[in-house]
Amino acid sequence: NKRKTTKKRVGIIGAGPSGLAQLRAFEAAKHAGLEVPEVVCFEKQSNWGGMWNYSWRTGVGKYGEPIHGSMYKYLWSNGPKECLEFSDYSFDEHFKKPISSYPPRPVLFDYIQGRIKKNKIRDYIRFDTTARWVNYNDETEKFEVVFDDLKIDKTYTEEFDYLVVASGHFSTPNMPYFKGIEQFPGQVMHAHDFRGADPYKDQDILIIGSSYSAEDIGVQCHKHGAKSVTLSYRSNPIGVNWPESIKEVPLLTHFEDDIAHFKDGTSERYDAVIMCTGYQHKFPFLPDEFRLKTKNNLYPDHLYKGVFYNNLPKLIFLGMQDQYYTFNMFDAQAWVARDYMMDKLEMPSKRERRVDIDRWLEANEKLENSFDHVDFQGAYIKDLLSLSDYPDFNVDEVGVMFKEWLKDKDENILTYRDKTFKSVVTGTMAETHHTEWMDELDDSKERYLYQEESEEALEEV
Ligand code: FAD
Ligand code: NA0
């Protein structure tokens, strides 16, 4: 069932923000009157949006595929929305009114969909379709990709000149073992399966890890009524100003039934354990020689300009970095990738690419703190922006906002989401949300966007 075609073909795996950015980049070129390759995107879920497409399910989906989603109920943006705004589709254009800087997940999901719904981007996507295996044929110089159409349980193969891997990397849990854990009587799970803090009301919760998931799930449990939250760190504590019922302790050494023992000799009893221990970059559909093997960091090795696989630049990875910048970085990457696939960007020799990669890796090694990380990723994005016509945006100003955000979190982890920022795309200042984040228990789009107006209308009546 192999397709034959003369037009160049591009295959995209995943219709999350990265895959959608790639589709949008081609659409922008088409609108500009350019001839674009034939593009097909394959998405294993029934809808687009990747992580932002919330799933109540855990484990496997209705077709037996591993559930991709790691997001949960009551998830609010963990950074200011002004730091991720698309520079070709502003929040103003989408919502028609200023909104706050930290919207909940359904509102950001709505925003992501806005610019692609305007075009017929859905037509390019085959939903409920999993990429199963990739083979690169040296003779034809094409990728032969095996897919499973989950709905009708059918396996087929298609050929592509370019393959864009946009399958995300916050989905396959990194789950460490601790002695005695198999005897722990309560629930033990990974953040990937966390679907909301409701079950932990009045409970004593142990969280392992000291990064974003640990911080946010810890705060969520506190907000929704957990009795206490203990965060156990391996390298460094998060070190913000915690409320009284949240504390940080050194790493767990072992369990004795429901008692956890820590490195500092202390011990405590817990009702549940949540591993916020990060994720693995996992590409079960890629053969060994093409698999990106990396930890979660700001510049994975082997990727020229952070996207082109150096041993075979026709294999493109989007969004594989650890992320301060998200949607706007995926866009900047996708535009550069598009230009290469449309023969508008010259690819230097493998050796020159290696030198460029090494330059970034060396700079990455020297970073000391979060401010440095922000500057590094900003410099990377500016480099990308210099290579394509993705609408320029003030990356330095966004960097300033990220640093403000880091300081706000240090000062008060419970109120940082009440702060507001100014858009670098439109100059619009965000609105203060009608309810303080700690008091807002409803994360629906309706409540977020319209509650205040309906309350005002009621008062008028
Ligand atoms: P994903 O969103 O993960 O999308 C990848 C897509 O590929 C999925 O739809 C998946 O189903 C599909 N796929 C995977 N494998 C296959 C296959 N074999 N075949 C076909 N399709 C496949 N970012 C922010 O900017 N702000 C936040 O507040 C924020 N909160 C987050 C909270 C959590 C809990 C997590 C885990 C991440 C959060 N992020 C946040 C980061 C988030 O990962 C990015 O915003 C964004 O979703 C990454 O987009 P992506 O397209 O690269 O990957
Ligand atoms: P994440 O926090 O899930 O964010 C992903 C953490 O796991 C590190 O603290 C690491 O410690 C620890 N760890 C790893 N192995 C361990 C072990 N064996 N024992 C103890 N600790 C261990 O993952 P990482 O990779 O940042 O940290 C791993 C993404 O999800 C982020 O992009 C974030 O933005 C997103 N996210 C967003 C939100 C919201 O927006 C919420 C959750 C997650 P160490 O020692 O390596 O430092 C609301």
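Indexing begins at 1, ligand by ligand and atom by atom, following the structure's order. These figures come from a predicted structure and were not determined experimentally. Atom set for the values below is all heavy atoms of this structure, side chains included, hydrogens, waters and symmetry mates excluded.
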Relative to the heavy atoms of Ala166, which atoms of ligand 1 are at a distance of less than 4.0 Å? 5 (C), 6 (C), 7 (O)
Looking only at distances, can you tell me whether any N or O atom of [X], backbone or side chain, sits closer than 3.5 Å to an N or O atom of ligand 1?
X	result
Gln45	yes
Trp52	yes
Tyr279	no
Phe327	no

Can a side-chain donor-acceptor contact be found between Ser90 and Asp92 if the only test is distance below 3.5 angstrom? no
Ignoring hydrogens and geometry beyond distance, is a side-chain donor-acceptor pair present between Ser46 and Asp128 at under 3.5 Å? yes
Looking only at protein heavy atoms, which one is nearest to [atom], and what is the separation?
atom	value
atom 12 (C) of ligand 1	Glu43 OE1, 3.3 Å
atom 2 (O) of ligand 1	Met51 N, 2.9 Å
atom 42 (C) of ligand 1	Gln323 OE1, 3.9 Å

With nothing but distance in play, are any N or O atoms of Tyr279 less than 3.5 Å from an N or O of ligand 2? no
Would you mind finding which of [options] brings a heavy atom closest to [atom]?
atom	options	result
atom 45 (O) of ligand 2	Ala214, Ser235, Ala191	Ser235
atom 42 (C) of ligand 2	Ser213, Ser77, Ser210, Gly278	Ser213
atom 27 (C) of ligand 1	Asn78, Leu286, Leu20	Asn78
atom 20 (C) of ligand 2	Leu251, Ile238, Leu75	Leu251

Less than 4.0 Å is my threshold; does some heavy atom of Tyr177 fall inside it relative to ligand 2? no
Would you tabulate the side-chain donor-acceptor contacts of residues 232-241 under 3.5 Å, counting partners in other chains and residues two or more places apart, or write 'none'?
| residue | atom | partner | partner atom | Å |
| --- | --- | --- | --- | --- |
| Ser232 | OG | Pro250 | O | 3.0 |
| Ser232 | OG | Leu252 | N | 3.0 |
| Asn241 | ND2 | Glu411 | O | 3.4 |

Over-ring placement of Lys81 relative to Phe91, 6.0 Å and 45° cut-offs: yes
If the contact criterion is a heavy-atom separation under 4.0 Å, does Phe330 count as touching ligand 1? yes
Contact check, Leu75 vs ligand 1, heavy-atom distance below 4.0 Å: yes
Side chain to side chain donor-acceptor pair (under 3.5 Å) test vs Tyr136 passes for just one of Lys142, Glu144, Lys314, Glu289, namely Lys314
Go through it in stages, so that I can follow the logic: the residues are Tyr111 and Glu85, the test is side chain to side chain donor-acceptor pair (under 3.5 Å), and I'd like the CA-CA distance, side-chain angles, deciding distance and then a yes or no. CA-CA 9 Å; Tyr111 171 62; Glu85 188 167 15; 4.8 Å; no
